[in-house]
Amino acid sequence: MILVGDGEDLEPPDDFLRREVADSVLNLLGDYRFLTKGYFVSLHAEENGCEVFPPVKNALDAYRAPLFMNAVRKLGLETPEFSIRSEPKFERGVLLPLNPFSKNSAKVVKTSHQYAKAFKRLSMNRYPVVQVKSEKYDSFNLYLWRADKDEYNFIAEKIFKGLRIPLGKVLVDVTDGMAKPFYFMPVEKGEINLRLVFEVLYENCLLR
């Protein structure tokens, strides 16, 4: 398995993109949005006929909240209620972008003023906005089968096994005490815990 990313013992993405590939690929760049370097690494692996984590389509779909929630429901996880709004209609909760280039843009809204400001910013007067019924949420970073918070390991395992995305930040509704994932975001470069990544890989015998 080829491990691509920024860090010791990882193949730099620029080197990877310049050569032919004939092995499975673990893309550890953490940001797989359209036209990012992480996107091109997965695309290059697929064009060479190789298994890659994450597949391009899975990653792009996961960053769009409605598609992510539909996917995790199929994996047996509950999600909070949500709606897609083309026009603003105030309701307390969390607003999420459908703009495919947006990054880590969830906005908690508790007042009509906050709502109007967030809706305008996220929609850019062009895109619909996702409105999630959530009064309280938490987040965790996903590292393959593991979360950086033990209470969410069961969610991380289902997401990785089902969607095959190795790194991400997941927002989880905890309003009623039950963890319900609703948004998947890129992990910032400085947040990536490579020690934890290698620990998980060794535990699952992928690097032995």
Side-chain angles (χ1 to χ4, degrees), residues 30-34 36 38 54 58-143 146-160 162-163 165 167-193 196:
D31 185 350
Y32 314 111
R33 290 172 304 146
F34 186 56
T36 62
N58 290 20
L60 294 181
D61 285 354
Y63 292 140
R64 299 172 71 84
L67 298 182
F68 174 68
M69 284 189 272
N70 287 337
V72 298
R73 284 174 182 168
K74 292 178 182 178
L75 299 175
L77 296 169
E78 289 193 44
T79 65
E81 293 182 39
F82 72 94
S83 57
I84 300 173
R85 303 278 187 187
S86 297
E87 298 292 335
K89 182 180 180 182
F90 172 63
E91 186 175 346
R92 290 165 58 98
V94 181
L95 297 184
L96 307 171
L98 274 179
N99 175 359
F101 298 99
S102 183
K103 180 180 180 182
N104 300 5
S105 302
K107 301 296 180 184
V108 177
V109 292
K110 297 181 179 180
T111 68
S112 57
H113 175 72
Q114 289 176 337
Y115 182 96
K117 184 177 179 180
F119 193 97
K120 183 176 181 179
R121 179 177 178 185
L122 294 177
S123 69
M124 301 174 64
N125 297 316
R126 177 180 178 184
Y127 298 100
V129 172
V130 181
Q131 195 161 309
V132 179
K133 290 187 177 181
S134 175
E135 296 182 11
K136 182 180 180 182
Y137 74 85
D138 196 7
S139 67
F140 69 87
N141 285 350
L142 175 145
Y143 296 96
R146 183 93 63 84
D148 62 351
K149 297 178 181 177
D150 289 345
E151 62 266 35
Y152 299 124
N153 280 337
F154 75 101
I155 296 177
E157 182 175 3
K158 282 184 175 288
I159 290 174
F160 179 69
L163 304 184
I165 306 174
L167 297 175
K169 180 183 287 290
V170 183
L171 299 190
V172 182
D173 173 60
V174 292
T175 302
D176 61 5
M178 180 179 292
K180 302 175 183 178
F182 64 88
Y183 193 39
F184 192 91
M185 304 183 293
V187 179
E188 299 288 350
K189 181 178 178 180
E191 290 183 292
I192 298 175
N193 185 339
L196 185 53

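Being a predicted model, the structure only gives us computed values, none of them experimental.
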- Message: Please enumerate all residues that pass side chain to side chain donor-acceptor pair (under 3.5 Å) together with K149, with sequence neighbours excluded.
- Response: D138
- Query: In chain order, what residues pass the ring pair (Phe, Tyr, Trp, His ring centres under 6.0 Å) check against F160, with sequence neighbours excluded?
  - Reply: F53, W145
- Contacts of L122 that satisfy side chain to side chain contact (heavy atoms under 4.5 Å, CB included) - sequence neighbours left out: L95, P97, S105, K107, V129
- Message: Looking at every heavy atom in both L196 and R146, which two are closest together, and how far apart are they?
- Response: CD1-NH1, 3.2 Å
- Message: Going by side chain to side chain donor-acceptor pair (under 3.5 Å), name the residues that satisfy it together with S139, two or more places apart in sequence or in a different chain.
- Response: none
- Item | Shortest non-hydrogen separation from I165 to L142 and the atoms involved | O-CD2, 3.2 Å
- Can you name the salt bridge (Lys or Arg N to Asp or Glu O under 4.0 Å) partners of D61, sequence neighbours left out? K57
- Any side-chain heavy atom of P186 sitting closer than 4.5 Å to one from R33? yes
- Message: Just to verify, what does Y32 make a ring pair (Phe, Tyr, Trp, His ring centres under 6.0 Å) with, not counting sequence neighbours?
- Response: none
- Message: If I take atom CG from residue L167 and atom CG from residue N193, how far apart are they, to the nearest 0.5 angstrom?
- Response: 10.0 Å
- Message: Nearest 0.5 Å, please: how far is NZ in K133 from CG in D173?
- Response: 12.0 Å
- Non-neighbouring partners of D148 that pass salt bridge (Lys or Arg N to Asp or Glu O under 4.0 Å), sequence neighbours left out: none
Without placing hydrogens or testing angles, list every side-chain donor-acceptor pair under 3.5 Å for residues 69-78, not counting sequence neighbours.
residue : atom : partner : partner atom : Å
N70     : ND2  : P66     : O            : 3.2
R73     : NE   : T79     : OG1          : 2.7
R73     : NH2  : T79     : OG1          : 3.0

- Give the C-alpha distance, both sets of side-chain angles, the deciding distance and a yes or no for side chain to side chain contact (heavy atoms under 4.5 Å, CB included) between E191 and N141. CA-CA 9 Å; E191 290 183 292; N141 285 350; 4.0 Å; yes
Acceptor/donor pairs from residues 109-119 side chains to any protein atom, 3.5 angstrom cut, sequence neighbours excluded:
residue : atom : partner : partner atom : Å
T111    : OG1  : Q114    : N            : 3.1
Q114    : OE1  : K110    : N            : 2.7
Q114    : OE1  : T111    : N            : 3.3
Y115    : OH   : K89     : N            : 2.9
Y115    : OH   : K89     : O            : 3.0
Y115    : OH   : Q131    : OE1          : 2.5

- Task: Find out whether V187 and D31 are in side-chain contact, i.e. whether some heavy atom of one side chain is under 4.5 Å from a heavy atom of the other.
- Result: no
- Message: Do Y63 and F68 make a side-chain contact, defined as non-hydrogen atoms from C-beta onward lying under 4.5 Å apart?
- Response: no
- Minimum heavy-atom distance between A65 and Y183, given as atom pair plus value: CB-CD1, 4.0 Å
- With distance as the sole test, does T175 use its side chain to make a donor-acceptor pair with the main-chain N or O of S134 at under 3.5 Å? no
- Does a sphere of radius 6.0 Å around CZ in R121 hold more than 12 heavy atoms from other residues, nucleotides or ligands, not counting ones at 6.0 Å or beyond? no
- How would you list, by chain and number, every residue that makes a salt bridge (Lys or Arg N to Asp or Glu O under 4.0 Å) with E151, sequence neighbours excluded? none
- Query: Residues in side chain to side chain contact (heavy atoms under 4.5 Å, CB included) with A147, at least two apart?
  - Reply: F140, Y152, N153, A156
- Taking all atoms of both residues into account, what is the closest heavy-atom pair of P181 and A179, and its distance? CD-O, 3.9 Å
- With sequence neighbours left out, write down each residue that passes ring pair (Phe, Tyr, Trp, His ring centres under 6.0 Å) with F182, or none if nothing qualifies. Y137
- State, without any angle test, whether S123 and N125 hold a side-chain donor-acceptor pair at a distance under 3.5 Å. no
- Correct closest heavy-atom pair for L98 and R64 would be O-NH1, 3.3 Å
